[in-house]
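Worksheet: the structure to be examined is printed underneath.
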Amino acid sequence: GLLLGLGFRPGFHVGGSMYDMAKESENSVRQYEITCEVGWYSDWWGLEVSLPFSEWTSLDTRQGSADGNGNSQSVDLFRGFSPSVEAVAFYPIQGTAVIAGVGVGHMTMTGDAQGWGKNPPSGSGWFWFPSIGVYLPWRYAYLRSDFGLEFQSYDLGSWKCKSTLFFLDLRLGLR
């Protein structure tokens, strides 16, 4: 059947260009997406299109003090737009399903002056991701939760980047 839903996808970089940049200063890079999703699912497989209406990447900095306590601060690096298409396979188990998917998408990133100062970098590229999770259908609604790795390849001006992002996805919608 036809599905219409909203998704929230927090993630953090675990490898590649952004991860290396942050690791040098003992920081971390996180990415968040809020998406609108439309899909068609049969009993065994499905296709889904995700369109983010809010997406941002931030650098989480940790600052320590002499007494061992510290605080953290988040600085925006990019705003983005990353639509994707995902193919999903289902394995039904007593009113729910284990799911596995693979998706591909295009990303555009606009640098934020807060994180970069003057002349923030911007760019675009491609990504793909495998995921695994659980799909819980009810009569007219569904809940889906999955996790996976997103492999990104993009250009920021003359800087060629590759990054790996671990994500957790939570989706809720109507079916």
Side-chain angles (χ1 to χ4, degrees), residues 1-23 28-58 60 77-110 122-138 140-156 159-175:
L2 188 61
L3 303 178
L4 180 61
L6 292 175
F8 176 62
R9 178 185 275 195
F12 57 93
H13 287 259
V14 295
S17 305
M18 287 290 168
Y19 175 78
D20 292 342
M21 177 188 75
K23 189 176 178 184
S28 60
V29 178
R30 298 185 188 274
Q31 183 174 317
Y32 303 92
E33 286 183 19
I34 300 173
T35 60
C36 177
E37 300 167 341
V38 176
W40 178 85
Y41 288 11
S42 74
D43 290 337
W44 296 98
W45 67 279
L47 290 173
E48 188 167 293
V49 174
S50 295
L51 297 171
F53 55 86
S54 184
E55 180 180 330
W56 65 99
T57 302
S58 62
D60 294 338
L77 294 177
F78 296 102
R79 293 287 174 182
F81 181 69
S82 302
S84 64
V85 175
E86 181 179 13
V88 180
F90 291 86
Y91 183 74
I93 301 173
Q94 298 180 354
T96 188
V98 174
I99 57 172
V102 64
V104 63
H106 183 265
M107 60 194 294
T108 57
M109 301 160 52
T110 303
S122 295
S124 64
W126 294 92
F127 64 93
W128 71 277
F129 58 92
S131 64
I132 189 165
V134 176
Y135 174 79
L136 303 165
W138 295 288
Y140 298 111
Y142 72 93
L143 175 67
R144 176 179 163 184
S145 180
D146 54 355
F147 63 91
L149 290 175
E150 182 174 289
F151 300 95
Q152 305 172 342
S153 179
Y154 51 93
D155 295 331
L156 294 174
W159 190 28
K160 302 235 184 270
C161 302
K162 291 189 182 295
S163 290
T164 303
L165 178 81
F166 174 82
F167 66 86
L168 175 64
D169 213 349
L170 183 62
R171 306 173 192 194
L172 181 62
L174 302 173
R175 58 186 217 118

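For the single chain, residues carry numbers from 1 onward in sequence order. In what follows, every heavy atom counts, from backbone to side chain, and hydrogens, waters and symmetry copies are set aside.
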Calculate, to the nearest 0.5 Å, the distance between atoms CZ and CZ belonging to F8 and F167 respectively. 13.5 Å

Let me confirm one number: the CG-CG distance from L170 to L143, rounded to the nearest 0.5 Å. 5.5 Å

Set of residues satisfying side chain to side chain donor-acceptor pair (under 3.5 Å) with respect to D20, sequence neighbours excluded: none

For P137 and G95, which heavy atoms make the closest approach, and how far apart are they? CD-O, 3.4 Å

Step by step, would you call I99 with R144 a side chain to side chain contact (heavy atoms under 4.5 Å, CB included)? CA-CA 9 Å; I99 57 172; R144 176 179 163 184; 3.0 Å; yes

Give the table of side-chain donor-acceptor pairs shorter than 3.5 Å for residues 78-85, with sequence neighbours excluded, one pair per line with atom names and distance.
residue, atom, partner, partner atom, Å
R79, NH2, D76, OD2, 3.3
S82, OG, E55, OE1, 3.3
S82, OG, E55, OE2, 3.0

If you measure from CG on D155 to OG on S122, what distance do you get to the nearest 0.5 Å? 12.5 Å

Output side-chain donor-acceptor pairs under 3.5 Å for residues 46-54, partner residues at least two apart or in another chain, one line each.
residue, atom, partner, partner atom, Å
E48, OE1, Y41, OH, 2.5
E48, OE2, R171, NH1, 2.1
S50, OG, E37, OE2, 3.4

Spatial distance of atom CH2 (W45) from atom CZ (F90) [nearest 0.5 Å]: 10.5 Å

Inter-residue atom distance L165.CG - R9.CZ, 0.5 Å rounding: 8.0 Å

Taking all atoms of both residues into account, what is the closest heavy-atom pair of C161 and S17, and its distance? CA-OG, 3.4 Å

Would you name the heavy atoms of L2 and G39 that are closest together and state the gap between them? CD1-O, 3.2 Å

Is the number of heavy atoms from other residues, nucleotides or ligands under 6.0 Å of Y32 OH greater than 12? yes

What distance do T96 atom OG1 and Y142 atom OH have between them, rounded to the nearest 0.5 Å? 13.5 Å

Take S163 and Y154 through the test side-chain hydrogen bond (donor to acceptor under 3.5 Å, both in side chains) and record every step on the way to the result. CA-CA 9 Å; S163 290; Y154 51 93; 3.1 Å; yes

Which pairs of donor and acceptor atoms, one on a side chain in residues 128-136, lie under 3.5 Å apart (sequence neighbours left out)?
residue, atom, partner, partner atom, Å
S131, OG, E86, OE2, 3.2
S131, OG, D146, OD2, 3.4

With no hydrogens and no angle check, is any side-chain donor or acceptor of R175 less than 3.5 Å from a backbone partner on W138? yes

With under 30° as parallel and over 60° as perpendicular, where do the rings of H106 and W126 fit, or are they tilted in between? perpendicular

Taking side chain to side chain donor-acceptor pair (under 3.5 Å) as the definition, give me every residue that meets it alongside Q152, ordered by chain and number, with sequence neighbours left out. Q31, E150

Not counting sequence neighbours, which residues clear side chain to side chain donor-acceptor pair (under 3.5 Å) with K162? List them please. S153

For a side chain to side chain contact (heavy atoms under 4.5 Å, CB included) check, start with the C-alpha distance between T57 and V29, then their side-chain angles and the critical distance, and finish with the verdict. CA-CA 7 Å; T57 302; V29 178; 3.6 Å; yes

